[in-house]
Chemist: 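Could you have a look at this structure, given as structure tokens, before my questions?
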Amino acid sequence: MKQTALLTLGRLPKALDIAEALSKAGWRVVIAEPFNWHLCKVSRYVAKTHTVTAPNANQKKYLEELLEIVQLESASLVIPVSEEALHATLIAPNLPSDVHLYSVSQLRLQELHDKYRFNQLAKSFGLPVPKTYLLGSPEAKELSLQQDYVLKPVCTCSGKGFSVHKAGMALPDEQNLPTTIVQQKMTGALKSTFSIVDKGRVIGTVVYKAVILSGTVAVAFERLENEKLIEEWVHQFAGKNEHSGFLSFDMMEDEQGTPYAIECNPRATSGIHFVTRESLAGAILQPDVQAGLDLRPFTMMQQFFPCLTETQTALFRRDGFAQKARVLLAAKDVNFSIIDPLPLWLMP
């Protein structure tokens, strides 16, 4: 009898990657998703989907429903996929002893997701991070007077609430904002990482950069090679934090090429698309014996329909149309599969 894995999100392409990897490894995959219609619902790699309450609408009911699904489906593995992990991991104390939650604790996730607390943690490890202070502190005011800076809420995603300011521009009143950081503005190229870690040991890391954005969200990405300093940064942090599970960072380099971690994303990010399904399954299911992550033979990947929209928009705005068209034609779609075609073609 197949073992069952429960994914706590189904609408994002990275969930489809995980579902395919586990299904090909012989597992039965079920999905818990607030949206009734989502990407993974039409995949051949998903046995069943359950519509659940959105956790930000009613967390208590969401957690009760997750536990009911675990029992109903006899799930032995629960994998939080994205930001919903900050809610889903709260089921840990109530899971049967034979059910594995693929995540660190919710408290550990909160520390990494919080941009200020993560910055201070990495700094305590002796790792390079930009100067970062809480809005309202004397240090934040001094930083804002001395150099260009960015403002962003401590807990946010997809660039929400992010803004850039010139040195000397007055800081806003923190009483009218959520808890916000004032961070030194870095000027190097933005690079991102995706790693799978087991008890502080990095099984493998993908370093990549965005090549097409939809707003502030990357929808096309290029894998980068020979990023030894960035990989070493990740190894040091993961080891000192004794992390397990997915671990991702956004980084920028200074003039000497030293990588500085801007923020941590303790979840799967777009770098997962570059990992073969076999090694992804191995890293999740048998992390103690998985020696590394094998990469797919594609260095550029995209979410086709968002990239198509951005390319069409660029044509009318005369904003990088040629470059986006080249990416659209050259990049491999993250969802395309001859034997599992519906997720891509039904995405619109």
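Start at 1 with the first residue, then count along the sequence.
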Chemist: Taking transitive links into account, so neighbours of neighbours count too, which hydrophobic residues share a cluster with Ile339 at under 4.5 Å side-chain distance?
Modeler: Tyr45

Chemist: Tell me if the NZ atom of Lys240 is crowded by more than 12 foreign heavy atoms within 6.0 Å.
Modeler: yes

Chemist: Could you tell me if Asp148 and His165 have a donor-acceptor pair between their side chains, going purely by distance under 3.5 Å?
Modeler: no

Chemist: Please name the pair of heavy atoms, one in Ala218 and one in Ala210, separated by the smallest distance, quoted to 0.1 Å.
Modeler: CB-CB, 3.6 Å

Chemist: Are Thr8 and Tyr62 close enough that some pair of their side-chain heavy atoms sits under 4.5 Å apart?
Modeler: yes

Chemist: Testing the basics here: between Val275 and Phe194, what is the closest heavy-atom pair and its distance to 0.1 Å?
Modeler: CG2-CE2, 4.2 Å

Chemist: Measure the spacing between CG of Asn119 and NZ of Lys115 and express it to the nearest 0.5 Å.
Modeler: 11.5 Å

Chemist: Parallel under 30°, tilted from 30 to 60°, perpendicular over 60°: which one fits the rings of His100 and Tyr102?
Modeler: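 His100 and Tyr102: perpendicular rings.
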
Chemist: Check whether the side chains of Ser76 and Gln3 place a donor and an acceptor atom closer than 3.5 Å, and report yes or no.
Modeler: yes

Chemist: Indicate yes or no for a side-chain donor-acceptor contact from Thr276 to the backbone of Ser279 under 3.5 Å, with no hydrogens or angles considered.
Modeler: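 Judged by distance alone, yes, a pair lies under 3.5 Å.
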
Chemist: Okay, side chain of Glu84, backbone of Val81: is any donor-acceptor separation there less than 3.5 Å?
Modeler: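 Such a contact is found between Glu84 side chain and Val81 backbone.
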
Chemist: Going by the rule side chain to side chain contact (heavy atoms under 4.5 Å, CB included), which residues pair with Ala325 if we only count those two or more places apart in sequence or in a different chain?
Modeler: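 Side chain to side chain contact (heavy atoms under 4.5 Å, CB included) check on Ala325 returns Thr311, Phe321.
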
Chemist: Surrounding NZ of Lys332 (heavy atoms of other residues, nucleotides or ligands, distance under 6.0 Å), is the total greater than 12?
Modeler: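 It does: Lys332 NZ has more than 12 such atoms within range.
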
Chemist: Quick one, Phe336 and Phe304 - any side-chain contact, counting heavy atoms below 4.5 Å?
Modeler: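 With C-beta onward as the side chain, the pair stays apart.
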
Chemist: Taking the ring centre of each residue, are Phe118 and Phe237 less than 6.0 Å apart?
Modeler: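 Yes, they do, as the ring centres are separated by less than 6.0 Å.
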
Chemist: Check whether any side-chain N or O of Ser43 sits under 3.5 Å from a backbone N or O of Leu39 as a donor-acceptor pair, and report yes or no.
Modeler: no

Chemist: Does the side chain of Leu66 come within less than 4.5 Å of Gln71's, by heavy atoms?
Modeler: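 They are not in side-chain contact.
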
Chemist: To the nearest 0.5 Å, what is the distance between CD1 on Ile181 and CG on Leu151?
Modeler: 8.5 Å

Chemist: State yes or no: do Leu9 and Leu86 share one hydrophobic cluster built from I, L, V, M, F, W and Y residues joined by side-chain heavy-atom distances below 4.5 Å, directly or via other members?
Modeler: no

Chemist: So which pairs with a foot in residues 179-203 pass salt bridge (Lys or Arg N to Asp or Glu O under 4.0 Å), sequence neighbours left out?
Modeler: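 Qualifying pairs: Lys191-Glu227, Lys191-Glu253.
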
Chemist: With distance as the sole test, does Arg223 use its side chain to make a donor-acceptor pair with the main-chain N or O of Val207 at under 3.5 Å?
Modeler: no

Chemist: Pro343 and Leu16: which non-hydrogen atoms are nearest, and at how many Å?
Modeler: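 For Pro343 versus Leu16, the nearest heavy atoms are CB-CD2, 3.7 Å.
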
Chemist: My understanding is that a hydrophobic cluster links ILVMFWY residues whose side chain heavy atoms are under 4.5 Å apart, including indirect links. Using that, what else belongs to the cluster containing Leu329?
Modeler: none

Chemist: Between the side chains of Ser82 and Lys14, is a donor N or O closer than 3.5 angstrom to an acceptor N or O?
Modeler: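 Yes, Lys14 and Ser82 have a side-chain donor paired with an acceptor closer than 3.5 Å.
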
Chemist: With a 3.5 Å distance limit and no angle check, can you tell me whether Arg108 reaches the backbone of Asn241 through a side-chain donor-acceptor pair?
Modeler: yes

Chemist: So, do Ile69 and Val52 sit near enough that their side-chain heavy atoms are less than 4.5 Å apart?
Modeler: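 Result yes, sub-4.5 Å side-chain heavy-atom pair found.
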
Chemist: Please determine, by modelled atom types, if Asp250 and Ser192 share a side-chain donor-acceptor pair under 3.5 angstrom.
Modeler: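 The answer is yes; a qualifying pair exists.
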
Chemist: If only atom types and distance count, is the side chain of Thr313 paired as donor or acceptor with the main-chain N or O of Thr309 below 3.5 Å?
Modeler: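 At least one qualifying donor-acceptor pair exists.
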
Chemist: Measure across Asp340 and Arg44 and return the closest heavy-atom pair with its distance rounded to 0.1 Å.
Modeler: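 Residues Asp340 and Arg44, closest heavy atoms: OD1-N, 2.8 Å.
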
Chemist: Report the C-alpha distance between Tyr208 and Thr269 in whole Å, list the side-chain angles of each, state the deciding distance to 0.1 Å, and finish with yes or no for side chain to side chain donor-acceptor pair (under 3.5 Å).
Modeler: CA-CA 10 Å; Tyr208 63 101; Thr269 54; 3.2 Å; yes

Chemist: Looking only at atom types and distance, does a side-chain atom of Thr132 sit under 3.5 Å from a main-chain N or O of Pro130, one as donor and one as acceptor?
Modeler: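 Yes; at least one donor-acceptor contact below 3.5 Å.
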
Chemist: More than 12 non-hydrogen atoms from neighbouring residues, nucleotides or ligands closer than 6.0 Å to CD on Glu242, yes or no?
Modeler: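 No, the 6.0 Å shell around CD holds no more than 12 heavy atoms from other groups.
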
Chemist: For the pair Trp233 and Phe249, name the ring-plane relationship: parallel under 30°, tilted 30 to 60°, perpendicular over 60°.
Modeler: perpendicular

Chemist: CZ/Phe274 to CE/Met301 distance, rounded to the nearest 0.5 angstrom?
Modeler: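 So the CZ of Phe274 and the CE of Met301 are separated by 6.5 Å.
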
Chemist: Determine all donor-acceptor pairs shorter than 3.5 Å in which one atom belongs to a side chain in residues 22-33; sequence neighbours excluded.
Modeler:
residue, atom, partner, partner atom, Å
Lys24, NZ, Glu20, OE2, 2.6
Arg28, NH1, Thr4, OG1, 3.3
Arg28, NH1, Glu73, OE1, 3.0
Arg28, NH2, Glu73, OE1, 2.8
Glu33, OE1, Gly10, N, 2.8
Glu33, OE1, Arg11, N, 3.3
Glu33, OE1, Arg11, NH1, 3.2
Glu33, OE2, Arg11, NH1, 2.7
Glu33, OE2, Phe35, N, 3.1

Chemist: Pro341: which residues meet the side chain to side chain contact (heavy atoms under 4.5 Å, CB included) condition with it, sequence neighbours left out?
Modeler: Trp345

Chemist: Donor-acceptor pair, Glu65 side chain versus Thr53 backbone, under 3.5 Å?
Modeler: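 Yes, because the side chain of Glu65 sits within donor-acceptor range (under 3.5 Å) of the backbone of Thr53.
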
Chemist: Grab the two heavy atoms, one from Val202 and one from Ala238, that are nearest each other, plus how far apart they are.
Modeler: CG2-CB, 3.7 Å

